[in-house]
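Structure, as structure tokens:
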Amino acid sequence: MWPDLIAKSKEGGADVIQTYVFWNGHEPVRQQYNFEGRYDIVKFVKLVGSSGLYLHLRIGPYVCAEWNFGGFPVWLRDIPGIEFRTDNAPFKDEMQRFVKKIVDLMQKEMLFSWQGGPIIMLQIENEYGNVESSFGQRGKDYVKWAARMALELDAGVPWVMCQQADAPDIIINACNGFYCDGFWPNSANKPKLWTEDWNGWFASWGGRTPKRPVEDIAFAVARFFQRGGSFHNYYMYFGGTNFGRSSGGPFYITSYDYDAPIDEYGLLSQPKWGHLKELHAAIKLCEPALVAVDSPQYIKLGPMQEAHVYRVKESLYSTQSGNGSSCSAFLANIDEHKTASVTFLGQVYKLPPWSVSILPDCRTTVFNTAKVGAQTSIKTVEFDLPLFRNISVSQPLMVQNKISYVPRTWMTLKEPISVWSKNNFTIQGVLEHLNVTKDHSDYLWRITRINVSAEDISFWEENQVSPTLSIDSMRDILRIFVNGQLIGSVIGHWVKVVQPIQLLQGYNDLVLLSQTVGLQNYGAFLEKDGAGFKGQVKLTGFKNGEIDLSEYSWTYQVGLRGEFQKIYTIDESEKAEWTDLTPGASPSTFTWYKVILFFVGLDSMAISSWDGNSVVSVNFSWTFFDAPNGENPVALDLGSMGKGQAWVNGHHIGRYWTRVAPKDGCGKCDYRGHYHTSKCATNCGNPTQIWYHIPRSWLQASNNLLVLFEETGGNPFEISVKSRSTQTICAEVSESHYPSLQNWSHSDFIDQNSKNKMTPEMHLHCDDGHTISSIEFASYGTPRGSCQMFSQGQCHAPNSLALVSKACQGKGSCVIRILNSAFGGDPCRGFVKTLAVEAKCAPSSTTSSSQL
Ligand code: GAL
């Protein structure tokens with residue numbers, strides 16, 4: 001996916017790609033490095049360079065990033081005497097070794113800018129300033145050490161520390177946040193950098209899906225450059241997927257979509273991507289003035305309105321740049337509620353609430369952060385229906401217009417709820433989870449035996465009570481089995497467990513399965529954090545009081561049998577003893593499922609409807625594939641499952657969990673005013689994640705193997721694999737909108753004539769490999785409503801639909817000029833006209849059939 005993602009970033013106006021370096025990915029075992037495949041960072045940096053972009057490498061090597069253990073390899077905990085991120089020799093040695101490894105690698109590969117490569121900046125540590133005070137003087141010393149150590153590596157490019165107000169002189173301190181215009185570096189000699197503009201946010205299992213409105217992001221970015229910013233980076237511009245067990249925690253979902261301008265699947269998120277592209281173009285029109293002036297001139301325009309002007313003295317300007325404006329200005333209205341009229345250099349400007357207008361020539365507004373002209377895209381998942389081998393495809397079932405199948409070839413296998421290998425061990429006491437698993441698995445089985453006397457039983461019966469398992473504190477998930485039965489689950493982050501249990505007379509098997517769902521990735525003292533249980537583990541309510549289970553012998557078994565036998569790989573799955581799964585089988589816990597996928601593409605379809613008298617026939621024509629048709633990204637719908645992990649052809653596509661977000665808290669979204677992560681959230685009352693990305697490069701021409709491990713029970717027959725694409729696009733542009741920025745160049749501001757000829761434009765485009773198959777709605781006049789709910793207003797140019805169809809249908813993208821003459825004259829004098837369009841996109845090859 002990298003070349004396409006980099007190309008889309010460049011097209012969106014990026015100059016620099018920023019990436020973290022994931023220590024635990026590159027050094028999974030101490031001193032055994034991995035720079036292959038997804039961890040081939042040299043290849044990535046080279047791709048960025050060859051596309052003409054620069055690179056900012058954030059080595060850390062603590063990175064946070066909602067990534068397992070913040071990027072630290074879990075073996076780091078086991079280095080004797082280690083304390084993370086402080087003045088501690090064992091830690092500093094390991095950190096230095098890894099940072100040096102990366103810097104040397106980049107230098108050897110000639111990737112620094114002074115060597116002709118793309119790397120212009122590096123980062124050491126990550127937001128250490130947020131936790132520094134927890135370490136006292138040793139924290140301060142560590143910052144100085146980290147800075148000196150980094151510098152001594154002689155990388156030859158500047159180093160950044162983000163959120164580090166006490167960064168030494170030789171390091172640039174940078175800002176992270178939703179807004180950074182009010183941030184100032186700790187020395188006038190340092191540029192104002194914004195390393196993380198949180199243009200979205202991450203989600204947790206069972207949480208709402210955060211969204212940040214693009215008008216507010218654009219506002220924040222424009223404010224930053226308005227107030228002297230030099231370098232700004234989106235976090236994330238593309239977040240992708242935390243495959244495998246790489247998601248951090250606790251409880252971060254597998255998707256790291258982040259509401260980014262490029263979505264998890266590599267498709268553009270519109271209007272986010274498009275509006276920011278326009279913003280970038282507008283800022284770049286100001287570049288001659290921005291780079292020539294150290295700090296802008298501030299002009300108060302009103303109580304909550306202000307201008308910042310970058311004006312180059314004529315003489316300076318003429319010697320420094322050949323063309324472009326010598327004056328650029330940003331006009332801001334930070335009033336959250338009201339539009340403001342302001343007078344700037346003798347002209348009146350209308351500024352919508354919470355917005356910035358950008359004037360590259362100090363006269364012409366070429367962009368306002370609150371006016372979105374970019375198209376909206378609505379993505380759907382569809383077709384390429386998966387089937388499962390050997391099914392009778394002649395009998396598709398039509399259920400409410402949805403086509404579903406009864407697949408017959410799911411296979412199943414039970415995971416033992418007990419020890420399953422020789423690698424178990426028995427010891428007295430309750431061990432810390434990570435000390436045992438070393439994070440080679442989420443799962444740790446803890447098994448013991450409880451002897452119950454006849455007196456205990458009568459005591460419980462007489463008093464009508466039952467014994468209780470009590471654990472002072474546990475994280476992230478605990479499953480409790482008594483005599484082979486799952487009797488309870490506890491989910492939480494260091495919460496108390498109080499679980500009544502039923503015991504029989506004689507010996508009872510007690511199995512406690514402690515699980516992690518992503519290791520802690522933020523905060524001080526991560527090495528001490530651990531997982532599993534803390535404090536006392538006991539059984540209460542016995543005749544003679546309580547039983548302290550830490551005095552008991554426990555047998556420990558790390559991981560799942562299927563996981564360690566790798567039954568999710570193509571070769572090993574053959575060796576496991578699968579049995580057929582019958583449709584309608586009741587949901588089963590701790591169970592493996594496997595299936596060979598194949599897919600059906602709809603060649604043609606004639607669905608008929610009720611004509612008032614009878615149902616007219618239904619004709620399908622199918623084509624079968626071993627891999628999904630076309631080029632669309634592929635997604636697996638696991639909404640029918642409970643919790644577990646999934647693999648495709650041996651590739652771990654991640655944890656899944658159908659955990660539902662709260663019903664409330666997804667109110668109306670208003671872009672105005674300060675953003676916070678619960679503002680504008682979506683997906684209330686729905687599972688946080690049901691779609692899981694299967695990268696196309698993990699699919700093969702035939703025999704695609706899907707394996708799932710399911711903990712809590714689900715229905716695999718309802719799993720489907722679909723392709724994802726943008727099917728509906730909409731846009732709304734008025735004749736008062738600024739002309740398309742793609743048509744401006746610096747000299748336009750000097751040549752007023754050409755400027756006057758420019759008109760606003762509507763740009764529509766479908767995803768790559770798709771064309772506009774139909775125009776569903778078009779009205780030039782005073783249309784009402786919003787995407788998928790447009791309607792004609794009182795004023796409407798009758799030829800709107802015909803003209804837009806002619807310009808766009810059958811094309812991958814099209815441009816429509818917003819002016820009366822393009823629509824056969826003014827449909828209503830005295831009104832501001834708007835063009836609203838809704839169109840459908842379809843894969844280029846099947847455009848005609850999709851119109852059936
Ligand atoms: C920052 C951190 C990033 C990421 C972000 C939230 O504090 O530097 O790595 O975790 O928060 O997405």
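Side-chain atoms are counted along with the backbone in the values below, which use heavy atoms only and exclude waters and symmetry mates.
Between Glu132 and Gln164, the side chains place a donor N or O and an acceptor N or O closer than 3.5 Å (distance only, hydrogens not considered). In summary, the side chains of Trp354 and Asp216 do present a donor paired with an acceptor at a separation below 3.5 Å, with no hydrogens or angles considered. With hydrogens and angles left out, the side-chain atoms of Ser355 and Asn333 include no donor and acceptor closer than 3.5 Å.
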**OP:** Walk me through it: do Cys766 and Ile729 pass the test side-chain contact (heavy atoms from CB on, under 4.5 Å)?
**Re:** CA-CA 8 Å; Cys766 298; Ile729 56 178; 4.2 Å; yes

Original post:
After noting the C-alpha distance and the side-chain angles of Leu285 and Ser328, does the key distance pass the side-chain contact (heavy atoms from CB on, under 4.5 Å) rule?
Top reply: CA-CA 9 Å; Leu285 289 175; Ser328 294; over 6 Å; no

Original post:
Given Arg58 and Gln18, is the side-chain hydrogen bond (donor to acceptor under 3.5 Å, both in side chains) satisfied, shown in steps?
Top reply: CA-CA 7 Å; Arg58 301 176 73 188; Gln18 185 186 77; 3.1 Å; yes

Subject >> side-chain contact (heavy atoms from CB on, under 4.5 Å) between Glu196 and Asn126, worked out >> reply: CA-CA 11 Å; Glu196 293 180 23; Asn126 191 80; 3.9 Å; yes

Subject >> Arg212/Trp201 under side-chain contact (heavy atoms from CB on, under 4.5 Å): CA gap, chis, key distance, verdict >> reply: CA-CA 8 Å; Arg212 186 174 177 198; Trp201 199 246; over 6 Å; no

**OP:** Would you sort out whether Ser269 and Asp263 count as a side-chain hydrogen bond (donor to acceptor under 3.5 Å, both in side chains), showing the intermediate values?
**Re:** CA-CA 6 Å; Ser269 252; Asp263 79 5; 5.1 Å; no

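A 4.5 Å side-chain heavy-atom check between Pro168 and Val143 finds at least one atom pair inside the cut-off. The shortest side-chain heavy-atom distance between Glu278 and Asn368 does not fall under the 4.5 Å cut-off. No side-chain heavy atom of Met121 sits less than 4.5 Å from a side-chain heavy atom of Gln123. Within the 4.5 Å cutoff, the side chain of Arg208 has heavy atoms near those of the Pro662 side chain. Contact check for Thr726 versus Lys379: side-chain heavy atoms found under the 4.5 Å cut-off. Side-chain contact between Trp184 and Arg227 is present, with at least one heavy-atom pair separated by less than 4.5 Å. Looking only at side-chain heavy atoms (C-beta outward), Asn199 and Pro261 come within less than 4.5 Å of each other. Side-chain contact between Tyr179 and His674 is present, with at least one heavy-atom pair separated by less than 4.5 Å.
Although no hydrogens or angles enter the test, the distance criterion places a donor-acceptor pair under 3.5 Å between the side chain of Lys10 and the main chain of Ser51. Looking only at distances, a side-chain donor or acceptor of Lys284 sits under 3.5 Å from a matching main-chain atom of Gly13. Proximity of a side-chain donor or acceptor of Glu306 to a complementary backbone N or O of Tyr298 within less than 3.5 Å is not detected. Judged purely by atom type and a 3.5 angstrom limit, Thr688 uses its side chain to pair as donor or acceptor with the backbone of Gly207. Ser357 contributes no side-chain N or O that, together with a main-chain N or O of Leu331, makes up a donor-acceptor pair within less than 3.5 Å. With hydrogens and angles disregarded, a donor-acceptor distance shorter than 3.5 Å links the side chain of Ser187 to the backbone of Asn189. Judged purely by atom type and a 3.5 angstrom limit, Gln297 has no side-chain atom pairing as donor or acceptor with the backbone of Arg311. For Asn186 (side chain) and Ala167 (main-chain N/O), a donor-acceptor pair under 3.5 Å exists by modelled atom type. Using modelled atom types, no side-chain atom of Lys190 and backbone atom of Ala174 make a donor-acceptor pair closer than 3.5 Å. For Tyr20 (side chain) and Tyr62 (main-chain N/O), no donor-acceptor pair under 3.5 Å exists by modelled atom type.
Residue Val157 comes nearest to Ser113 through the heavy atom pair CG1-OG, 3.7 Å, listed as atom of the first residue, atom of the second, then distance. Here the closest non-hydrogen pair linking Ile172 and Pro191 is CG2-O, 3.8 Å. Contact detail for Val48 and Ile17: the closest heavy-atom pair is CG1-CG1, 3.9 Å. Minimum heavy-atom separation, Leu835 to Met762: O-CE, 3.2 Å. Across all their heavy atoms, Gln305 and Asp335 have their closest contact at NE2-CB, 4.1 Å. Residues Trp194 and Cys180 share a closest heavy-atom pair of NE1-SG, 3.2 Å.
The CD atom of Glu761 lies 13.0 Å from the OH atom of Tyr738; values are rounded to the nearest 0.5 Å. Between the SG atom in Cys808 and the NE2 atom in His763 there is a gap of 11.0 Å [rounded to 0.5 Å]. Summarising the geometry, atom CH2 belonging to Trp273 is positioned 4.0 Å from atom CD belonging to Glu11; distances are rounded to the nearest 0.5 Å. The line from CD of Glu838 to OG1 of Thr728 is 5.5 Å long, rounded to the nearest 0.5 Å. Atom CZ of Arg817 sits about 13.5 Å away from atom CG of Leu803, to the nearest 0.5 Å. The CD atom of Glu215 sits 8.5 Å away from the OG1 atom of Thr369 when rounded to the nearest 0.5 Å.
Heavy-atom contacts from other residues, nucleotides or ligands closer than 6.0 Å to CG of Asp294 number 12 or fewer. In the displayed structure, Lys300 atom NZ is contacted under 6.0 Å by more than 12 heavy atoms of other residues, nucleotides or ligands. For OH of Tyr522, the number of neighbouring non-hydrogen atoms (other residues, nucleotides, ligands) closer than 6.0 Å is greater than 12.
The aromatic rings of Tyr234 and Tyr237 sit tilted relative to each other, their planes meeting at an angle between 30° and 60°. Ring pair Phe202/Tyr258 is tilted by interplanar angle, where 30° to 60° counts as tilted. The aromatic rings of Phe178 and Tyr675 lie perpendicular to each other, with more than 60° between the two planes, well past the 30° mark.
With sequence neighbours excluded, no residue forms a side-chain hydrogen bond (donor to acceptor under 3.5 Å, both in side chains) with Tyr349.
For an aromatic pair to be called close, the ring centres must be under 6.0 Å apart, and His280 with Phe225 fails this.
For the cysteine pair Cys175 and Cys162, the distance separating the two SG atoms is not below 2.5 Å.
Looking at Asp670 and Arg672, a side-chain N of the basic residue comes within less than 4.0 Å of a carboxylate O on the acidic one, giving a salt bridge. Ionic pairing of Asp259 and Lys272 is present here: one or more N-O contacts between side-chain nitrogen and carboxylate oxygen are shorter than 4.0 angstrom.
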Atom pairs and distances, side-chain donor-acceptor, residues 820-831, under 3.5 Å, sequence neighbours left out:
from	atom 1	to	atom 2	distance (Å)
Asn820	OD1	Tyr780	OH	2.8
Asn820	ND2	Asp826	OD2	3.4
Asp826	OD1	Cys828	N	2.9
Asp826	OD1	Lys833	NZ	2.9
Asp826	OD2	Lys833	NZ	3.2

